[in-house]
Amino acid sequence: RLTGSQEVVGSNPIFSTTLKEGFTDKKSYRSYFCNFFFAIIFDFIWSIVVVWLILSMKSLSPFDLTWLLDKKQEIKDKPKHYMIYLRVYSRLERKYSQLTTRVVASQELFDSATSKKPKSERALEVSLILEKIMDNAKQYNSSSQAQTLEQFKSLIKSKKGSVKVLDGYDNLIKWYVELKRFGSAESCTYSKKKIAQFTDIEKLTYHDITVKWLQRFEAYCTENDISVSTIGFYLRQLRKVLNEAIKNVGINYTKDDYPFGSDKFTIKISSGRYAALDDDQLKRFYDWTPTKENLGLAKDFFFFSYLANGLNPADVLNIKHSDIIDGQKFNVIREKTKNSNKIEKPITIHLNAPLMGILKRRVGKGKYLWDYYNDTDTWDDKKRRRGYYVKRINVLLKEIAVILDLPEKISTTWARHSMATSSIRKGSSMEAVSEAMGHSSTRVTKGYFAGFEDSVQKEHQQRLTEF
């Protein structure tokens with residue numbers, strides 16, 4: 001029992017109290033022991049907080065990882081396009097470093113790709129690339145892995161990815177499927193199968209793909225009666241696989257190892273000599289009056305593509321009423337360009353009298369200019385329906401070929417080739433036709449040109465002696 005002015009001293013202020021009067025009743029005892037109990041609880045909680053703070057400081061990520069669009073240096077041949085870097089800031093050293101992603105983008109594409117909801121397929125593609133790079137970087141963003149920028153960069157660069165071509169194909173196919181580019185995924189699969197027929201793809205590495213290897217593959221395909229255009233079809237997908245390997249900082253493969261290029265191996269482009277109608281055939285087809293509605297539809301679709309700078313079916317069907325400008329023209333960005341790294345170049349189509357005549361018969365009532373797609377069609381719906389529509393048109397064109405004595409292999413593709421060939425034969429420059437068709441270079445346009453007619457070639461030869 002404590003009496004008088006005895007003092008109880010504790011390590012915690014809560015314990016310290018001067019007892020001027022003794023604890024002569026139960027209430028005083030109860031108050032004392034409550035204070036003692038709460039003091040123990042307070043000390044326990046404070047100890048936990050201190051331990052948590054210490055552990056948090058130890059586990060705190062030593063680096064801040066953010067994306068940077070380096071606008072100090074514009075990419076050559078790509079106006080207003082810049083390199084995207086991973087900016088790594090060291091909290092300990094208070095300095096930063098930039099790691100290239102080898103991804104190029106405009107400000108608009110960069111903003112869209114780094115937002116929560118990318119607005120286009122290309123933005124989604126860039127977003128997925130950056131996401132994979134960030135996931136790889138986060139593996140080493142702990143003090144147990146690296147504490148300095150040099151340690152962090154060495155870990156990133158030493159990360160080894162697969163150098164097998166088969167893995168590259170599988171990753172690219174998976175990539176296409178994620179982007180819902182099922183046509184590209186199918187093309188990539190065909191390319192992989194053809195490579196597997198040529199060599200043991202299980203053992204094939206990126207470094208095995210040299211200029212000589214590509215030449216042997218080309219010779220193998222030629223010996224097996226595979227056309228130039230189909231060989232190019234296979235090789236373009238292989239080239240894409242190698243380009244993706246270069247972008248991956250974890251794979252030991254660089255541009256120095258790359259076998260494609262103007263001074264290395266170039267993919268041949270088919271001449272397209274037998275894929276165009278001559279002037280007599282075009283006139284006979286254009287002047288012909290169909291006796292059946294479905295044949296009239298095929299004729300209108302062919303000549304709409306022909307007159308609209310050779311637009312392919314996907315672009316024709318995707319034109320919207322909202323694309324029309326002042327009722328006189330419309331701009332088109334090709335579907336192929338939307339999913340590539342290339343700068344989007346709109347093609348301007350002027351609505352002349354023949355085009356307006358076709359549209360009066362085929363104009364759609366919904367948002368699409370050509371009367372086929374439904375307003376509610378999804379991307380998958382449009383792809384499926386477009387495939388059916390083109391097959392149907394091609395069957396009808398072959399029926400017309402029998403009636404008008406046209407080449408039996410005629411298809412919607414011939415409209416595009418015929419436009420290029422007819423324009424060049426009539427005096428348009430290769431450069432002008434290339435721009436009208438939305439080609440990346442005149443080299444591509446040359447593949448659409450069916451050459452000059454025999455009469456023109458004979459005339460050129462006769463002039464050689466006119467000194």
Side-chain angles (χ1 to χ4, degrees), residues 108-109 111-113 115-127 176-186 290 292-340 344-397 411-413 415-416 437-438:
E108 182 182 2
L109 177 59
D111 292 340
S112 180
S115 65
K116 292 183 179 179
K117 293 183 178 180
K119 297 179 181 179
S120 65
E121 287 188 21
R122 177 59 186 156
L124 176 60
E125 184 177 355
V126 172
S127 176
Y176 283 141
V177 172
E178 287 180 2
L179 296 175
K180 294 187 177 182
R181 291 170 59 180
F182 302 113
S184 297
E186 188 176 21
K292 297 179 182 179
E293 167 59 25
N294 57 355
L295 297 181
L297 172 65
K299 176 189 174 183
D300 282 344
F301 193 81
F302 183 93
F303 277 103
F304 188 91
S305 172
Y306 171 80
L307 295 167
N309 292 8
L311 287 180
N312 62 33
D315 296 322
V316 171
L317 295 175
N318 214 42
I319 302 169
K320 299 181 179 65
H321 285 284
S322 58
D323 295 327
I324 306 296
I325 303 172
D326 299 328
Q328 297 179 351
K329 63 181 180 179
F330 59 88
N331 293 329
V332 175
I333 294 177
R334 298 185 62 202
E335 291 297 310
K336 289 177 70 174
T337 309
K338 290 178 182 178
N339 295 322
S340 71
E344 296 181 345
K345 294 181 180 179
I347 303 170
T348 300
I349 313 294
H350 293 275
L351 290 170
N352 54 24
L355 279 175
M356 291 299 291
I358 294 172
L359 283 178
K360 284 181 180 179
R361 295 188 293 273
R362 308 298 172 189
V363 68
K365 296 179 180 179
K367 66 181 181 180
Y368 293 101
L369 190 63
W370 192 267
D371 187 20
Y372 184 61
Y373 284 152
N374 298 317
D375 290 357
T376 56
D377 282 347
T378 63
W379 187 91
D380 293 333
D381 292 333
K382 289 196 289 186
K383 182 181 183 300
R384 174 180 51 79
R385 297 189 68 206
R386 181 177 70 243
Y388 168 79
Y389 192 75
V390 172
K391 286 181 181 179
R392 178 189 172 200
I393 296 294
N394 286 338
V395 169
L396 293 171
L397 287 173
S411 66
T412 56
T413 305
R416 188 164 173 78
M437 298 181 76

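The minimum heavy-atom distance between Ala113 and Val126, with the atom names listed, is CB-CG1, 3.7 Å. Leu351 and Gly327 get closest at one heavy-atom pair: CD1-O, 4.0 Å. Here the closest heavy-atom approach between residue Asn352 and residue Leu355 is recorded as OD1-N, 3.0 Å. The minimum heavy-atom distance linking Leu124 with Pro118 is given by the pair N-CB, 3.7 Å. When all heavy atoms are compared, the tightest approach of His321 to Gly364 is NE2-O, 2.8 Å. Across Pro313 and Thr412, no two heavy atoms sit closer than the pair CG-OG1, 3.8 Å.
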* To do: Could you go through the side-chain contact (heavy atoms from CB on, under 4.5 Å) check for Asn318 and Arg386 one step at a time?
  => CA-CA 10 Å; Asn318 214 42; Arg386 181 177 70 243; over 6 Å; no

* Asked: Does the salt bridge (charged side-chain N to carboxylate O under 4.0 Å, His left out) test come out yes or no for Asp371 and Lys365, once each step is laid out?
  -> CA-CA 7 Å; Asp371 187 20; Lys365 296 179 180 179; over 6 Å; no

* To do: Please assess Val332 against Ile319 for the test side-chain contact (heavy atoms from CB on, under 4.5 Å), listing each intermediate value before the final yes or no.
  => CA-CA 7 Å; Val332 175; Ile319 302 169; 4.2 Å; yes

* Could you please spell out the steps behind the side-chain contact (heavy atoms from CB on, under 4.5 Å) verdict for Ile347 and Ile349? => CA-CA 6 Å; Ile347 303 170; Ile349 313 294; 3.7 Å; yes

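Rounding to the nearest 0.5 angstrom, the gap separating the CD atom in Glu293 from the CG atom in Leu396 is 10.5 Å. Rounding to the nearest 0.5 Å gives a distance of 10.5 Å between CG of Leu317 and CG of Leu369. To the nearest 0.5 Å, atom CG of residue Asn374 and atom NZ of residue Lys367 are 10.5 Å apart. Here the CG atom belonging to Leu109 is positioned 6.0 Å from the OG atom belonging to Ser120, to the nearest 0.5 angstrom.
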For residues 296-304, tabulate all N or O donor-acceptor pairs below 3.5 Å that involve a side-chain atom, not counting sequence neighbours.
| unit_1 | atom_1 | unit_2 | atom_2 | d |
| --- | --- | --- | --- | --- |
| Lys299 | NZ | Tyr286 | O | 2.9 |
| Lys299 | NZ | Trp288 | O | 2.6 |
| Asp300 | OD1 | Arg361 | NH2 | 2.9 |
| Asp300 | OD2 | Arg361 | NE | 3.0 |
| Asp300 | OD2 | Arg362 | NE | 2.8 |
| Asp300 | OD2 | Arg362 | NH2 | 3.1 |

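In this structure a side-chain-to-backbone donor-acceptor pair under 3.5 Å is missing from Ser305 to Ala415.
Every residue meeting the side chain to side chain donor-acceptor pair (under 3.5 Å) condition with Asp111, not counting sequence neighbours, appears here in chain and number order: Gln107. With sequence neighbours excluded, the residues that form a ring-ring contact (aromatic ring centres under 6.0 Å, His included) with Tyr373 are Tyr368. Here Tyr372 pairs with Tyr389 under the ring-ring contact (aromatic ring centres under 6.0 Å, His included) rule; sequence neighbours left out. Under the rule for a side chain to side chain donor-acceptor pair (under 3.5 Å), the partners of Asn331 that lie at least two apart in sequence or sit in another chain are Thr348. In this structure, the side chain to side chain donor-acceptor pair (under 3.5 Å) partners of Thr378, at least two apart in sequence or on a different chain, are Asp381.
At least one side-chain heavy atom of Lys320 sits under 4.5 Å from a side-chain heavy atom of Ser322.
Here the rule is salt bridge (Lys or Arg N to Asp or Glu O under 4.0 Å) with Asp377, and of Lys383, Arg385, Arg384 only Arg385 fits it.
Within a 6.0 Å radius of CG in Asp375, more than 12 heavy atoms belonging to other residues, nucleotides or ligands are found.
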